[in-house]
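Read through the structure below, which is laid out as structure tokens, and then see the notes.
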Amino acid sequence: MSPKREKDAITGVETTGHEWDGISELDNPLPRWWLWIFYGCVVWSIGYWVVMPAWPLLTDYTRGIWGHSQRQQVVADLDALKASRGAIGEKLTSMTLEQIEADPTAQQAALAWGKSAFGDNCATCHGAGGGGAKGYPNLNDDVWLWGGSLEDIRHTITVGVRSTSEETRQSQMPAFGRDGILEPAQIRDLSEYVLNLSGRSTDPEAVGRATQLFADNCSTCHGADGKGNRAFGAPNLTDADWLYGGDKQTIIETITKARSGVMPTWGGRLDAPTINALAVYVHSLGGGE
Amino acid sequence: MTGLAPAEPHPAPVEAAAGVTRSDVEAVNSATRRTLYKAREPIYPKSVKGTFRRIKWAVMAVLLAIYYIVPFIRWDRGPGNPDQAVLVDLDRPRLYFFFIELWPQEIYFLAGLLILAALSLFLFTALFGRVWCGYACPQTVWTDLYIAVERMIEGDRSQRIRLSKEPWTLRKVGKRVAKHAIWLLIAIATGGAWVLYFYDAPTFVAEFFTGQAPMMAYVFVGILTFTTYSLAGFMREQVCTYMCPWPRIQGAMVDAESISVTYLKARGEPRGRHKKGTSWEGRGDCIDCNQCVAACPMGIDIRDGDQLECINCGLCIDACDEVMDKIERPRGLIAYESHKGIERRRKGETSKLQWLRSRTVFYAVILVAVGSVMLAALIDRAPLDLNVIRDRNPLYVRLANGQIRNAYTLKIMNRTTEPAKLVLWTGGLEGVDLKVAGHTPPEDLSIVVQPDEIRSVRLLVTAPAGTPPDSSLPISVGVADENGKVAASDDTVFVTGAP
């Protein structure tokens, strides 16, 4: 449709020639200052090309004479953040964990700091809320393999479990089946004995047969009553909490092949205030001990 | 440009001289062609006296006074709290308005206020057309102020026109320098007053002049000085005509009963000069003196009818009324009138503003409704506010003895000036065991929330053995005061992990 420019009868102004449902547009001249703003924007953009990173090149880009870089900006922002945390970081380093927990300001700061550090470092295995998974302890409950006091938690975080640290928390359950220490039938009997510890056995005869087996092979670490021993990180077998599963099949598997979960050492990777904050945060998840 | 049709039909080819044919051609770039861009033509509004001018002065005085004085009003809120009546405290962050103190999470009150402002604009526009533009808009108020300064120094319309055409004598330079100096002072005061709403006003004034104010404050004062100076001094009507979206939106709010400044054609036409003592028979009341045009700050001729530039300020009405008094004709040749009102006049009926119309009633009802909701919300604001967030990861925890525990994070806001001594509380589930993460001993349920503080606390709730095996049980979590009276609580659920 070719535009038909006409003179508008009322205003005497020419129309653009386009018409929409009987409405046509007047072709009034733009104000000149509008044009100046356009020129101003052109000048601005040229200036922008010169001072800021702007044009992509084949393998690089024009850097701009101000040397602005968003990466550097992030680094600077992170440094500023660290600096702004300086005071509270000092507090979290110098105070004892008990003092941190008792001081509302320090505690709230530790919880926030710990939560963010937990998300970055711990959540991969323990879950975002510390809910755990098979083989990875739930940090919200009242079961602690190596102890649940503030100090125990801080030590576990610092040295890890079966980690590369020289001070690591260390213990190893023998693989009774794989290494031929016990016969499969004995392991089946033992599993009934373990089930019986939490009152779930259905085979009293097997429990009787395994009593001596448990005393000979298991009680050293798990205790004569099966209540575990934190010195070895040996779990309590009488409670309702099972790290790998509490059904008969899983218990047989555990006795046969043993378990050796690993937690890395964080002592060399995280700074003192972060580890302290993490200890307070993890302690807060389940109320700790 | 090919679409340009000649005004007249093509004349037949004619000879320009012997042997020379005259082409019917028009130069593409001829001077008569319209330019693509048009420079702003300065407008020199003439001063007028009259009802609407007086209203405009009064409105201007009140609005400017509010703008410049309000930050200096003090309001005692007790020690440690700012004593400025109206203050946007971005550091804390709080919004203070006399006895009201809003926290960031209550920003919806501000949204509600903006909705109320928009609705009142709708209502006023439906009734009185663009009165906002003509009387209360900052652009109008500051432009009016700047024109008043201009008039004070350079004189009225004719003197200003003459001055602009004069060569640059010392006198002209002096006047121009004085005008721009005063304009700049007003602009700085305007930018400065804006910043006062974000700082303690007296402190800021002292810091500003001793160079101790924060850099951002100077930047903002600079920006607002620039906008005030350029928009009120130079852009003026260009802002309303080309920049502002509000005049375009207003088109949807007016109808045939909305009043706007109108030249009553039926009474004024045919217009023409009038000699004293001659008859008014057979002619209109308009003597074509152009006083209405000279007075118009938008540079239009109201006698051309409704125009998008018109801001409904009524200064042409005052100008015309002055003239009508002089020639002893009735006032109101130009008047606030609606399209329907003109029709009623034509039929010989009296024209009255129709207050009750579907759209005015509609706007008023929404206005009252939103206002009531906001007022109710404001009255209902508890000095102690509580948010309960239940743990979703993990949903529940099985303890060593097989019992189920849920965790809830309570965020307690104390808006009072006193520390709140509280005790954590749950209801709806009998015999639960409560522990607080980080408390020694964890069974200690008491908590103190300092004034003006949000305290976050994690409550661990363990259900007793024999709890109904429903997968999710209703539970209330909250805080009670020292006397055991529940101060605030939230309904949530307890997840048992049962399928």
Side-chain angles (χ1 to χ4, degrees), chain A residues 2-7 10-11 13-17 27-36 38 98 100-105 107-108 110-112 123 127-133 138-144 150 198 227 235-236 238-242 280-281 283-289, chain B residues 1-5 7 33-41 230 234-235 237-238 241-243 304-308 391-407 409 433-443 447-450 453-460 462:
Chain A
S2 71
K4 276 185 288 177
R5 287 168 162 268
E6 300 169 331
K7 214 161 221 189
I10 298 167
T11 57
V13 175
E14 198 173 70
T15 68
T16 56
D27 192 11
N28 276 309
L30 270 178
R32 185 164 298 280
W33 55 262
W34 206 304
L35 189 66
W36 290 341
F38 173 69
E98 283 75 18
I100 294 172
E101 221 167 49
D103 178 320
T105 324
Q107 190 224 16
Q108 302 269 314
L111 291 183
N138 183 345
L139 305 174
N140 285 267
D141 60 20
D142 56 350
V143 176
W144 298 90
L150 279 166
S198 48
K227 290 210 157 94
N236 182 345
T238 65
D239 64 16
D241 184 81
W242 297 90
V280 172
Y281 172 71
H283 194 247
S284 83
L285 284 178
E289 285 179 351
Chain B
M1 287 311 211
T2 47
L4 264 178
R33 296 279 181 161
R34 296 181 61 82
T35 50
L36 280 170
Y37 303 99
K38 198 175 155 211
R40 172 179 184 261
E41 285 174 41
S230 57
F234 303 94
M235 297 306 280
E237 80 292 339
Q238 302 278 308
T241 313
Y242 293 107
M243 296 183 194
D304 292 344
D306 289 342
Q307 283 150 89
L308 69 82
D391 269 16
R392 290 187 169 76
N393 186 0
L395 272 174
Y396 63 92
V397 175
R398 190 180 301 278
L399 298 182
N401 62 9
Q403 286 184 330
I404 299 296
R405 187 165 77 188
N406 279 205
T409 300
D433 174 53
L434 303 181
K435 278 196 179 78
V436 183
H439 273 200
T440 5
E443 286 77 18
I447 183 167
V448 178
V449 187
Q450 296 303 324
E453 186 197 44
I454 304 177
R455 184 77 195 272
S456 179
V457 59
R458 200 149 173 276
L459 182 68
L460 307 169
T462 308

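Order of the sequence lines sets the chain letters (A, B, ...), proteins ahead of strands, with each chain counted from 1.
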Between N236(A) and V143(A), is there a side-chain heavy-atom distance shorter than 4.5 Å? no
Heavy-atom contact with chain B under 4.5 Å, split by part of D142(A): both
Counterpart residues, salt bridge (Lys or Arg N to Asp or Glu O under 4.0 Å), relative to D306(B) (two or more places apart): none
Using side-chain heavy atoms (C-beta onward) and a distance below 4.5 Å, is L35(A) in contact with L30(A)? no
Taking Y242(B), F234(B), Y37(B) one by one, which has the highest count of heavy-atom pairs under 4.5 Å against chain A? Y37(B)
Decide yes or no for R455(B) and Q108(A): does some side-chain heavy atom of the first lie under 4.5 Å from some side-chain heavy atom of the second? yes
Under 4.5 Å from a heavy atom of chain B, the part of W34(A) involved: side chain
